[in-house]
Amino acid sequence: MGPHPAVAAIRLAVRRVLHDILNDHQTSRAFAGRHLVPTAERPPSPLVLVACSGGADSMALASALAFEAPKLGVRAGGVTIDHGLQPGSDLRADEVVLRLGELGLDPVESVAVTVGREGGPEAAARDARYAALDAAAERHGATAILLGHTRDDQAETVLLGLARGSGIRSLSGMAAVSGAGGRYRRPFLQLDRQTARKACMVQSLQVWDDPHNADPAYTRSRLRHEGLPALEKALGKGVVEALARTAQLSRDDADALDAWASQAEAGVRDATGLLECAKLYALPPAVRRRILRRAAIEAGAPAGALFARHIEEVDRLITGWRGQGAINLPGKVVARRQGGRLVIRQG
């Protein structure tokens, strides 16, 4: 008799991702071999870490990694981040480390971080977490870090992007592969949260439910407990799947438009590198705005603070030119039109 369907589903998802990681790893080894890198310097079997909070999603992910990795010759470890936002968070992190070790993961560690305030509590915690995970990957020489985001998380991300009105890229949700060199992998984006919880239950895995996930002070929590249930009541049960599908379709479209913008950018710059307004005007709006956004970021505007309304204002210097003055952007960047050219630089 095989494993419970929920356990089989999480293991299959992780197995597929590990195969992808191995393929990438073997390609890098083959490249090293062709270039006569000494054997001692060639990469050993890859180390894959799981980022684990102790919640159901990441505990299910950790259990599946511990089961699948040895069969494929992959080393498997884990890391938990102590955000220090609740009393006793350090003790809880120690418990997670203990559970990961009991699953057979090695190395395992807890990393304490200091959460700032920039961008709001959720964004600040996320920034601190990813910085710590990046550092852990470098410290241990990990090839990849697995994250336990599910289809439900993806649906929430799409709705948050829709509410911000930031365009198709914000509707594309989380990528299955992201980060420098494809470091972050999300095996569970096609699985729902209930499958992960069921897998923990049938394997008798202890899980911790973060009270922040039910705290109405947090936007994502309100969406999870009020917004999505209201949508499902009004539109039917397929809302989460439809939103996750929207994410993938939006990502494909956004990737294509990004590639178009990259190819078009060289053709709209003059000999000095300035953007020519007439040539920008001739491009489709979706392509033109991508070029403008990239130019603003290159000039020093923080990507996270640069919203669609900022780019729309800059775009009007091209499409609705009435002699208007300079546009102030985040990061003390200023955009102005001068002699048929668009100048974007720090003020």
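Worth knowing before you read on, the calculation uses all heavy atoms, side chains too, and leaves out hydrogens, waters and symmetry mates.
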If you measure from CD on Glu313 to NE2 on His310, what distance do you get to the nearest 0.5 Å?
-> 6.5 Å

Evaluate side-chain contact (heavy atoms from CB on, under 4.5 Å) for Leu61 paired with Ile10, printing each intermediate quantity in order.
-> CA-CA 7 Å; Leu61 183 58; Ile10 64 168; over 6 Å; no

Sub-3.5 Å donor-acceptor pair from the side chain of Gln203 to the main-chain atoms of Ala199, do we have one?
-> yes

Between Leu12 and Arg15, is a side-chain contact (heavy atoms from CB on, under 4.5 Å) present by the stated rule, with each step listed?
-> CA-CA 5 Å; Leu12 176 60; Arg15 191 182 318 139; 3.6 Å; yes

Measure the shortest side-chain to side-chain distance between His83 and Val113 over non-hydrogen atoms and say whether it is less than 4.5 angstrom.
-> yes

Do you know which of Thr150, Asp192, Val207 makes side-chain contact (heavy atoms from CB on, under 4.5 Å) with Arg197?
-> Val207

Should Val115 and Val96 be counted in the same cluster of Ile, Leu, Val, Met, Phe, Trp and Tyr side chains packed under 4.5 Å apart?
-> no

Step through the shown structure and confirm whether more than 12 heavy atoms of other residues, nucleotides or ligands are within 6.0 Å of CD on Gln190.
-> no

What is the distance from atom OG of Ser250 to atom CZ of Arg245, rounded to the nearest 0.5 Å?
-> 11.5 Å

Spatial distance of atom CG (Leu98) from atom OG (Ser110) [nearest 0.5 Å] = 12.0 Å

Shortest non-hydrogen contact from Leu47 to Gly141?
-> CB-O, 4.4 Å

May I ask you to test the Leu228-Leu243 pair for a side-chain heavy-atom distance under 4.5 Å?
-> yes

Common cluster, Phe307/Leu317, ILVMFWY with side-chain heavy-atom separation under 4.5 Å | no

Is the closest side-chain donor-acceptor distance between Arg151 and Thr195 under 3.5 Å?
-> no

Reported CG-to-OG1 distance for the pair Leu171 and Thr157, which is rounded to 0.5 angstrom | 11.0 Å

Under 3.5 Å: donor-acceptor pair, side chain of Arg336, backbone of Val343 | no

Count the heavy atoms belonging to other residues, nucleotides or ligands that lie under 6.0 Å from CD of Gln324, then report whether that count exceeds 12.
-> yes

For Leu231 and Leu159, run side-chain contact (heavy atoms from CB on, under 4.5 Å): C-alpha distance rounded to whole Å, both residues' side-chain angles, the deciding distance at 0.1 Å, then the answer.
-> CA-CA 11 Å; Leu231 279 176; Leu159 284 175; 3.7 Å; yes

Side-chain touch Leu280/Leu292, heavy atoms, less than 4.5 angstrom = yes

Treat each ILVMFWY residue as a node, draw an edge where side-chain heavy atoms are under 4.5 Å apart, and state whether Leu342 and Ile327 are in one component.
-> yes

Between the side chain of His140 and the main-chain N/O of Ala142, is any donor-acceptor distance below 3.5 Å?
-> no

Apply side-chain contact (heavy atoms from CB on, under 4.5 Å) to His149 and Asp57, showing your working.
-> CA-CA 7 Å; His149 298 119; Asp57 302 340; over 6 Å; no

Joint cluster assignment, Leu205 & Phe67, ILVMFWY side-chain distance < 4.5 Å = no

Donor-acceptor contact below 3.5 Å, side chain Gln346 vs main chain Gly331 | yes

Flag yes if Val50 and Ile21 sit in one hydrophobic cluster, no otherwise; membership is Ile, Leu, Val, Met, Phe, Trp, Tyr, and two members link when side-chain heavy atoms are under 4.5 Å apart.
-> yes

Please indicate whether Trp208 has more than 12 foreign heavy atoms, meaning atoms of other residues, nucleotides or ligands, lying under 6.0 Å from its CH2.
-> yes

Asp20 side chain near Arg185 side chain, heavy-atom distance below 4.5 Å = yes

How long is the span from the CD atom in Glu312 to the OG1 atom in Thr319, to the nearest 0.5 Å?
-> 10.0 Å

Can you tell if the side chain of Lys279 reaches within under 4.5 Å of the side chain of Leu283, non-hydrogen atoms only?
-> no

Can you check whether Phe188 reaches Asp152 side chain to side chain, under 4.5 Å on heavy atoms?
-> no

Can a donor-acceptor pair be found between the side chains of Ser63 and Arg11 at a distance below 3.5 Å?
-> no

For Ala196 and Ala60, work out which heavy atoms get closest and say how close.
-> O-CB, 3.6 Å

Ala295 versus Arg269, closest heavy-atom pair with distance = CB-NH2, 4.3 Å

Provide the closest heavy-atom pair for Ala296 versus Leu306 in the form atom of the first, atom of the second, distance.
-> CB-CD2, 3.8 Å

Answer yes or no: is there a side-chain heavy-atom contact under 4.5 Å between Arg169 and Arg251?
-> yes

Do Arg294 and Ser262 have side-chain heavy atoms sitting under 4.5 Å apart?
-> yes

Check Ala124 against Gly116 and note the closest heavy-atom contact, atom names and distance.
-> CB-O, 3.2 Å

Just wondering, are more than 12 heavy atoms of other shown residues or ligands nearer than 6.0 Å to NZ in Lys71?
-> yes

Closest non-hydrogen atom pair, Ala13 against Pro187 = CB-O, 3.5 Å

Gap separating the OG1 atom of Thr80 from the CG atom of Leu49, nearest 0.5 angstrom | 12.0 Å

If a pair satisfies salt bridge (Lys or Arg N to Asp or Glu O under 4.0 Å) and one of its residues is in residues 87-116, list it, with sequence neighbours excluded.
-> Glu95-Arg99, Glu109-Arg139

